[in-house]
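Working notes, beginning with the structure itself.
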Number of protein chains: 2
Amino acid sequence: MPQRLDSAAPGFDAAFEMLLGSKREASQEVGDAVTTILEDVRRRGDEALITLTERFDRQSLTPTTLRFSADEIDAAHRDLRPEVREALETAHGRILSHHEKQKPQDHIYEDHLGVTLGTIWTAIEAVGLYVPGGTASYPSSVLMNAVPAKVAGVERLAMVVPTPDGIVNPVVLAAARIAGVDEIYRVGGAQAVAALAYGTETIQPVSKIVGPGNAYVAAAKRQVFGTVGIDMIAGPSEVLVIADGSANPAWVAADLLAQAEHGGGAQSILVTTDDALADAVEAEVLRQLAMLPRAEIAGAGWDEYGAVITVGSLEEAARLANRIASEHVELAVDDPRALMARIRNAGAIFLGHHTPEAIGDYVGGSNHVLPTARSARFASGLGVLDFMKRTSVLGCDPGSLAELAGAAITLADTEGLAAHGRSVSIRLNR
Amino acid sequence: MPQRLDSAAPGFDAAFEMLLGSKREASQEVGDAVTTILEDVRRRGDEALITLTERFDRQSLTPTTLRFSADEIDAAHRDLRPEVREALETAHGRILSHHEKQKPQDHIYEDHLGVTLGTIWTAIEAVGLYVPGGTASYPSSVLMNAVPAKVAGVERLAMVVPTPDGIVNPVVLAAARIAGVDEIYRVGGAQAVAALAYGTETIQPVSKIVGPGNAYVAAAKRQVFGTVGIDMIAGPSEVLVIADGSANPAWVAADLLAQAEHGGGAQSILVTTDDALADAVEAEVLRQLAMLPRAEIAGAGWDEYGAVITVGSLEEAARLANRIASEHVELAVDDPRALMARIRNAGAIFLGHHTPEAIGDYVGGSNHVLPTARSARFASGLGVLDFMKRTSVLGCDPGSLAELAGAAITLADTEGLAAHGRSVSIRLNR
């Protein structure tokens, strides 16, 4: 049974704090092992990558077979079932169209002193995309990571995907082809992150690495951060449904179960103003569980990490939501726009009764790579801006330099940096 | 003597690669010590913070004196020399005015199917600002970090600054007051980062930590990343001056020395199309060095890390600049706007002969917190966006949900996530 909390009951604050603080991931101490792997690939390049892939994925590769050939990728695309190809193309088109609206504008202007100021946006030249192997090898995630990179203008998008025992998900290759991924390598783990960060004879280094992975991949990304950029470290997925009396308990239950079926610590929370709805949703979850192929995973996740919280008002629901800072927040209420204005910490907001979170996972057009583990307090979902960078621009003419010189020289002197001041004063005609 | 390279000479590529790959920081292995400190503060809160501050800063504090009082801060501001106060206020006004132009707009729209899509920007609620003690305690850096946070709408900006042996730079306190910092604590090191990330009895936790620090601070930021957001790990400062025959060698030399006087691995590079200018700049550096109070630091930095590269054309200069990806790029050329269009990887660009980099450090209005160590390939200078986060918005009505349902269900099935598909199909009236 999931936790059931009542915000008006004594002891609620402590119980809510416990819920916020609970860890949903087994923390694996893999840092030292990863350091060794990174160093090995850094020093020995392809040779290390091939040895490690043999050890971890039981795959014998050569510098030539490290990379998927164009024929292999084309075949995966050609052999797709037509409805899957069409669904991928629909998803790709919608993600592309939405992300194109995120492209930022350069802004250069002259201020009242004649100083030129501005910001120029440019794309990162080369990006690496990590795609997990096995059951978490999701074609939709390939689209969600690759499309914003390509919209940003990344010229070289290099994907890595482990193929343990030679097994690869062909739909992942096809999705990469549709999204315009430029290179795909059959390597994974910390060794793949190292290859992307440092480069090998076969894999050119990139400047940023994105995409989810296991504890080794996460630790490797953390360690190469600085040498390259990285996206967030993804944790277990989570949904928070805020519902009032207008919500359909069967629909809410279906959404809570969709999240719970991810397993691995995925969390579903319902916050509702309606006690009867809370009861009805709990009953519906049990009823629907019986119909699910992944019933065992979803049921265990709901029992262990699920929570149902009853509150006195939607204002109170919003306050709790902002403290939870969930990856996904569904507003299953009569007036979702009004409630949206109160939600500050959320990866993504889903409006009203007809927007199940799963629509956003695939074809809504918005990105499904979103901040987890309360990081929506400070982080954003993936978007075009994550594949670009800003360069600031400053320009003075003799007149504006003269206007600013005094304050600059005073501050340089205050900081004990005389050569800074001198680089200004030497330009003044006095 | 700095390195002198000629791009037309044999062996240039190898020498240039060496220059790119050279480490300018002694890498200190402080990770384990930092882990212990973080854990101590996490468990014991104020008590650990006070004990560690006594050990590292030789300062006896109590939970009451951990925080600077309003009186202490007011006094620091009141006792400023008038020209310093005025210079700080000039800098603050210009930084504020420029950063206000960076505030992003929300964007919500409805697409042709009637799907609502959008992005909402909100400020991070609480941010921590690390300010180093001792000689690197720069009031200008307080302004550069605090102003964009306040422009973004951060409600609570908590600053930490170590006061070894009780010594604090009053100008730093005054700058914090001018910039609207809300709380200032006299702690530093990894223990201060821990207090900001985890909170103690006296210091409430924040959601993001920014600001430069020593190896312990950098390691602590890396370790708390995920629990909170962090900015880039700052490395030694650097400037790249691209100059043609129109440049004034004395001015270029002054700019190279301004960077070199930072010490600690700071790097100055000149790339020029003009051999005679290269010679003249080298001579000028030696001449001007003699006049500098920090001549020893600047001279050693120029000798050890400086480089002068002669190239055949400005196009070639831009290509090298993009590979160097310097924090600061000065375009000391006749037509800086034309050359700017070719620069892709740079933290900030300074246009023309009358824009010494030091103007940007203090009063230009743009931010001086910029990506170092080649990270301008993937990272940006600090700005308002770094103190905000995006929430994506998605909304379907029954009609648009029906349009998207088929593709969503197909992709969910392909990924083996039946409950995802079910959360969509349950909403269809069939």
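Each chain gets a letter, A, B and so on, in the order the sequences are listed, and its residues count up from 1. Please read these numbers as outputs of a predicted model, since none were measured by experiment.
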- Could you tell me whether Arg81(B) and Asp413(A) make a salt bridge, using a distance below 4.0 angstrom between a side-chain N and a carboxylate O? no
- Which atoms of Arg374(A) approach chain B - backbone, side chain, both or neither, heavy atom under 4.5 Å: neither
- Under a 4.5 Å heavy-atom cut-off, does chain B meet the side chain of Leu417(A), its backbone, both or neither? both
- Query: Checking Arg222(A) side chain against Arg222(B) main chain: does a donor-acceptor pair fall under 3.5 Å?
  - Reply: yes
- Between the OH atom in Tyr138(B) and the CG atom in Leu411(A), the distance rounded to the nearest 0.5 Å is 13.0 Å
- Item | Reported CH2-to-CZ distance for the pair Trp251(A) and Arg422(B), which is rounded to 0.5 angstrom | 13.0 Å
- Of all heavy-atom pairs linking Ile426(B) and Ala250(A), the shortest is CD1-O, 3.7 Å
- Does the pair Arg427(B)/Asp255(A) count as a salt bridge with the N-to-O cut at 4.0 Å? yes
- Message: Ignoring hydrogens, what is the shortest heavy-atom contact between Cys396(A) and Ile359(B)? Give both atom names and the distance.
- Response: SG-CG2, 4.0 Å
- So CD1 of Ile120(A) and CZ of Arg344(B): to nearest 0.5 Å the spacing works out to 12.5 Å
- Specify which of His107(A), Met232(A), Arg337(A) makes the most heavy-atom pairs with chain B at under 4.5 Å. Arg337(A)
- Non-hydrogen atoms of chain A under 4.5 Å away: do they reach the side chain of Ala376(B), the backbone, both or neither? backbone
- Interface residue of largest heavy-atom contact number with chain B, from Leu292(A), Val228(A), Leu385(A), under 4.5 Å: Val228(A)
- Bottom line for Ser140(A): the part with an atom under 4.5 Å from chain B's heavy atoms is both
- Message: As an exercise, state the distance from OG of Ser392(A) to CD1 of Ile349(B), rounded to the nearest 0.5 Å.
- Response: 8.0 Å
- Message: With chain B as the partner, which of Glu125(A), Glu89(A), Met291(A), Glu83(A) has the greatest number of non-hydrogen pairs under 4.5 Å?
- Response: Glu125(A)
- Roughly how far, to the nearest 0.5 Å, is the CZ atom of Phe225(B) from the OG atom of Ser375(A)? 8.5 Å
- Query: Are the side chain of Ser380(A) and the backbone of Arg390(B) linked by a donor-acceptor contact shorter than 3.5 Å?
  - Reply: yes
- Task: Take His420(B) and His262(A) through the ring-ring contact (aromatic ring centres under 6.0 Å, His included) test and state the conclusion after the steps.
- Result: CA-CA 10 Å; His420(B) 279 62; His262(A) 280 291; 4.7 Å; yes
- Note on the structure: So, the part of Glu86(B) with a heavy atom under 4.5 Å from chain A: the answer is neither
- Tell me, for Val363(B) versus chain A, whether the close heavy atoms (under 4.5 Å) come from the side chain, the backbone, both or neither. both
- Leu88(A) portion near chain B, given a 4.5 angstrom heavy-atom threshold: both
- Any chance you could lay out the side-chain hydrogen bond (donor to acceptor under 3.5 Å, both in side chains) test for Ser423(A) and Glu357(B), step after step, and finish with the verdict? CA-CA 8 Å; Ser423(A) 74; Glu357(B) 186 271 312; over 6 Å; no
- Here the pair of heavy atoms bringing Ala346(A) nearest to Thr391(B) is O-OG1, 2.7 Å
- Message: Tell me the closest heavy-atom pair linking Ala418(B) and Pro293(A), and the distance in Å.
- Response: CB-CG, 3.4 Å
- Task: Quick one: pull up OG1 in Thr227(A) and CZ in Phe378(B) and give me the separation to the nearest 0.5 Å.
- Result: 7.5 Å
- Check whether Val329(A) gets within reach of chain B through its side chain, its backbone, both or neither, counting any heavy atom under 4.5 Å. neither
- Segment of Tyr109(A) engaging chain B (4.5 angstrom heavy-atom cut-off): side chain
